[in-house]
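Remember, it's a predicted structure, so these values are computed and weren't measured experimentally. Here is the naming used below: chain letters follow the sequence lines, and residue numbers restart at 1 for every chain.
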Amino acid sequence: MSTDHRSKSKKLRRRDNDDFDDRWGDEEDDGFEESVRSPKRARLDVRSPTPPDEDADTVDQRERMEFEKRLKDRDKKDSGRPNKREQAELKEPTASLADLRLRSRQEYLKKREAEQIALLRQQVAEEEEEARRSKEKLTSAELRDFKKNKELLRLALERQRVDEHTDGYQLPTDYIDESGKISRQKRHDALYQRYVDRDDQGRERYVTEAEEWEKRQTEMAKAQVTAPLSRADVNRDDYEFVFDDSQAVKFIADAPLPGARKNMTREQLLFEERVAEAEKKAASIEEVRKSLPMYQFRDQLLQAIADHQILVVVGETGSGKTTQIPQYLHEAGYTKRGIVACTQPRRVAAMSVAARVADEVGCHLGNEVGYSIRFEDKTNPEKTVIKYMTDGMLLRELMSEPDMGKYSAIMLDEAHERTVSTDILMALAKDVARARPDLRLIVSSATLDAQKMSAYLDNCPIFNIPGRTFPVEIMFTAAPEANYLAACVTTIFQIHISQPLKGPTGTSGDILVFMTGEDDITAAVENVQETARKLGSAIPELQVLPLYASLPSEEQAKVFTPTPAKVRRCIISSNIAETSVTLPSVNFVIDPGFAKENVYNPRTGMESLVVSPISRASANQRAGRAGRTGPGTCLRLYTRHAFYNEMEESTTPEILRAPLHSVLLTLKALGVNDLLDFDWQDPPHQDNVIAALSQLYAVAFLNHEGRLTQNGRKAAEIPVKPEAAATLLASAKYGCVDEVITILSMLGESGALFYRPKNQKLQADAARARFTVKEGGDMTTLLRVYQEWEESDYSYVWCRENFIQQKSLNRVRNVKEQLVKLCDRIEIAPSSCGASNVGPIMKAFAAGFFPNAARLQKGSSGEASYRTVKTGVSVAIHPSSVLYTDPPKWLLYYELVMTSKEFMRSVCPLEPAVLVEVAPHYHKMKDLEKLGMDRKMPKETGKSAVGSRL
DNA sequence: GAGCACTGC
């Protein structure tokens, strides 16, 4: 086709592969149609070569081709105005693609409605039964719920009846003419009004939605194609990028990730899955529980737990360990002696698993089975016997109850993820177990780490439970890929073109691509969309969706909707899809082998996000995401050699990468005094421990013996970083507790607070500038944002108008409420200094953040450069700060981050005299004066250099 | 004039 197109596609070209593996993109000259289902293709397709939905596909294809032929014929005939008969025919809604899609959607909705009503009916029946059984025990809230459901069911049934009588749709009265009949003409006019177009001679012609779409796409692609593309028209030369064999990424198959269903033929797998599905539908909860791989090991497991105080359980995904083990312990009577706790690294996991187990046990969530996470405690002290909780929550509980007295068994789930909290809990629980022989500790781990975990836990036995996942075929590239973004895009289309839309067992053939961050994800999404657009109707529709944590919720929700029929979905995601989010319809995973990792430098106190290669454990976790609902394929954009020789076995535990201030304070509060000799699974670097300890000493949370002071004990209760806790404690003295609490809550979210849509950057910046309160820098500006939101009565509209993420502000509100409650507990009296009174607030911040002081460097041309007082590191104000354009001589920073360079994020101005006043043990006026003087230039010049920037 | 992977209290 056009050279223009060719040159564009060259951007995506990476290297010429002489020996091309015919598993991918081996088009012969037998045309596109053939190649899609060629027997050769079936080699990659380890499952059935003829998918079960083939018939539907062919029918649709035929309809589509017929439709396209009709369109073409009509275009040819269209030299004169169509006669009446033709016109009528054209106006008749033919089975256009849009119509088909709409119809299938409607059918789907209808089916779904029926299902929902059936569910609701069942629920109401159950509730009525329960109400009969236990009238006096039900709370009024429950009764209200029951009543609501009943009403909902009544309305739904009523609506259904209306539908039955009126053929589903009602036309507005406008479409009914004077005689009371439905006017066909009027209706057609309305339907096609939008699509009336004029040809070059100014004659009217009707354009369907599909045509219009094609036209738009063709124009946008600037392709020199005049007729709409159809499969038959595709000239392979035009689409070099997709069809040129030399451009395809070459993959080599590796031994598949076995899954639990190894050694099964395709037919067996198919059969198994059908059986499983049938079971799921028919079986009662009890039967489902018995069908889990766990069940046949129940007695053995309970015996092992009875015999051994500590046990490592290796339960693969889908084994049901998280839901079943606590129930088994309950059934075996452990809950008579105390609560069975199960920790999770994530809040959603704790909530959803608890809900599931409550369902299985047959109780209301929050009674016998409950969960406890930050901001939400859904347990009942008298009733709850199985408690799911986040690891951090259990750690916090231990501060007031170090012997874990109320628990009879503790299960640390997902311990292989090695969060700081799980690591510390493991060490503490191991210790407590020595003193409490009745306590049972179960640690769940992945296969890879089980040995190490067991060695750490006094060589306790390892209990293996098989999982229920499908095998995943692993492919490596033959040679390293230089540009992983381009390689991803190429691979996506290799899959899309060569693989059937549906998996062999009827599961969806969706693609999941792992990218490092928002930027890459956006770029990849645009690239894939652009390429798909150029190909037009030559390929099946490809729906591309991004997924990452800071994406607005409504955008995120899209990936959880069912993939439409005849469409392949391609989700381009950050690491969020590795553990936090499960996408069941994924059959192909593309793994470039990178992720962003947080690196902390204890010497400078600087954090940075670095793109680094992932570990083998991570890579296998990613691959496993392709085998949730059926056998899958994982395409790794790195070589087998790199996998085994260049990648680490497992991800560096968080404790080796994170700042330790808060962790050490927590440990001290738990009574651990000798930190360097603490029984770490992986001891943190000494530099880091020492840096953290000296910081805690500086804010007087530790005394010279390294013991917790009274303030330190209070600070350990406050879930913010130690400098912030010190600020909060100091605010009582300066009478600005309320303001400081608000600011500290805001600072935690300040990064994700403002959003700047690409097309409204100026408006967003203007809205943001409106909040600026220069005297107190970012701190008072944040205060003002919160206060205005509060005044708007926490309005959603207000957030939208000011380009602020409401999700973030809601979190701020939660944190603030929690801090207020905590202040009451640790006896900090509420006080307020008034919004316009910046002085006390600045003093409180200086009292907590005094180690984070920086001095403007003079003589530096261009951008204002600072030097940190304590470490002498060269840093700059982050451009998102309100002080960026007006840098003060002295300032305090909340945190240091390294991105494109070293930045201070969230800063406030500072008087050096205040620094000496609040921290005389740390800062001496003499030293500060020395810093303020410049060797080369007199003081005045420095000042005017700043002044000239205004 | 920059930009934030993901959790958790």
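Taking for each of N575(A) and S662(A) the nucleotide of DNA chain B with the nearest heavy atom, the 5'-most of the two is the partner of N575(A).
Closest contact between the side chain of N598(A) and the listed nucleotides dC6(B), dC9(B), dA5(B) involves dA5(B). Comparing atom distances between the S900(A) side chain and each of dA2(B), dT7(B), dC9(B) picks out dA2(B) as nearest. Comparing dC9(B), dT7(B), dA5(B) against the side chain of R346(A) picks out dT7(B) as the nearest. Out of dC9(B), dC6(B), dG1(B), the shortest distance to the side chain of R347(A) is found at dC9(B). Of the candidate nucleotides dC4(B), dC9(B), dC6(B), dC4(B) has the atom lying nearest to any side-chain atom of K596(A). Which of dG8(B), dA2(B), dA5(B) sits closest to the side chain of P879(A) comes down to dA2(B). Of the candidates dA2(B), dC9(B), dC6(B), dC9(B) carries the atom nearest the R396(A) side chain, counting heavy atoms from C-beta on.
D520(A) has its CG atom 11 Å from the C1' atom of dA5(B), to the nearest Å. Residue L728(A) contributes atom CG, which lies 19 Å from atom P of dC9(B) at whole-angstrom precision. For the pair I572(A) CD1 and dA5(B) P, the interatomic distance rounds to 15 Å; values are reported in whole Å. Summarising the geometry, the separation between OH on Y600(A) and C1' on dA5(B) is reported as 19 Å, rounded to the nearest angstrom. Per the geometry, CE belonging to M515(A) stands 18 Å off C1' belonging to dC6(B), to the nearest Å. Here dC4(B) presents its C1' atom at 12 Å from CD of Q805(A), a figure rounded to the nearest Å. dG8(B) atom P lies 20 Å from atom CG of L660(A), rounded to whole Å. The distance between atom CG of L551(A) and atom P of dC4(B), rounded to the nearest whole Å, is 16 Å.
Applying the 4.0 Å criterion to OP1 and OP2 of dC9(B), one finds that T390(A) has a side-chain N or O inside that range. Contact between the side-chain N/O atoms of S880(A) and the OP1/OP2 oxygens of dG1(B) is not found at any separation under 4.0 Å.
Applying the side chain to side chain donor-acceptor pair (under 3.5 Å) rule to pairs touching residues 648-663 of chain A yields S615(A)-T651(A), sequence neighbours excluded.
Residue-level contact check: R374(A) touches the bases, meaning some heavy atom is under 4.0 Å from a base atom. Across all strands, I576(A) comes closer than 4.0 Å only to sugar-phosphate atoms, never to a base (heavy-atom distances). Residue-level contact check: D519(A) touches neither bases nor backbone, having no heavy atom under 4.0 Å from any strand. Nucleic acid contact class of I373(A) (heavy atoms, under 4.0 Å, all strands): sugar-phosphate only. Nucleic acid contact class of S580(A) (heavy atoms, under 4.0 Å, all strands): sugar-phosphate only. Counting any heavy atom pair closer than 4.0 Å across all strands shown, S574(A) reaches sugar-phosphate atoms only and no base atom. Within 4.0 Å of E417(A), counting heavy atoms only, lies no atom of the nucleic acid at all. When heavy atoms are screened at a 4.0 angstrom cut-off, A595(A) is found touching no nucleic acid atom at all. Looking at heavy-atom distances under 4.0 Å, R905(A) makes contact with a base.
Between D778(A) and R905(A), none of the side-chain N atoms (NZ, or NE/NH1/NH2) sits under 4.0 Å from a carboxylate O, so this pair counts as no salt bridge. A salt bridge between K816(A) and D738(A) is present, with a side-chain N of the basic residue lying under 4.0 Å from a carboxylate O of the acidic one. Between K596(A) and E518(A) there is no salt bridge, since none of the side-chain N atoms of the basic residue sits less than 4.0 Å from a carboxylate O of the acidic one.
Remark: the N802(A) side chain and the R768(A) side chain contain no N/O donor-acceptor pair separated by less than 3.5 Å. In this model, no donor atom of one side chain and acceptor atom of the other lie less than 3.5 Å apart for S550(A) and Y755(A).
For the ring-ring contact (aromatic ring centres under 6.0 Å, His included) test, residues two or more places apart in sequence or in another chain that qualify with F903(A) are H878(A).
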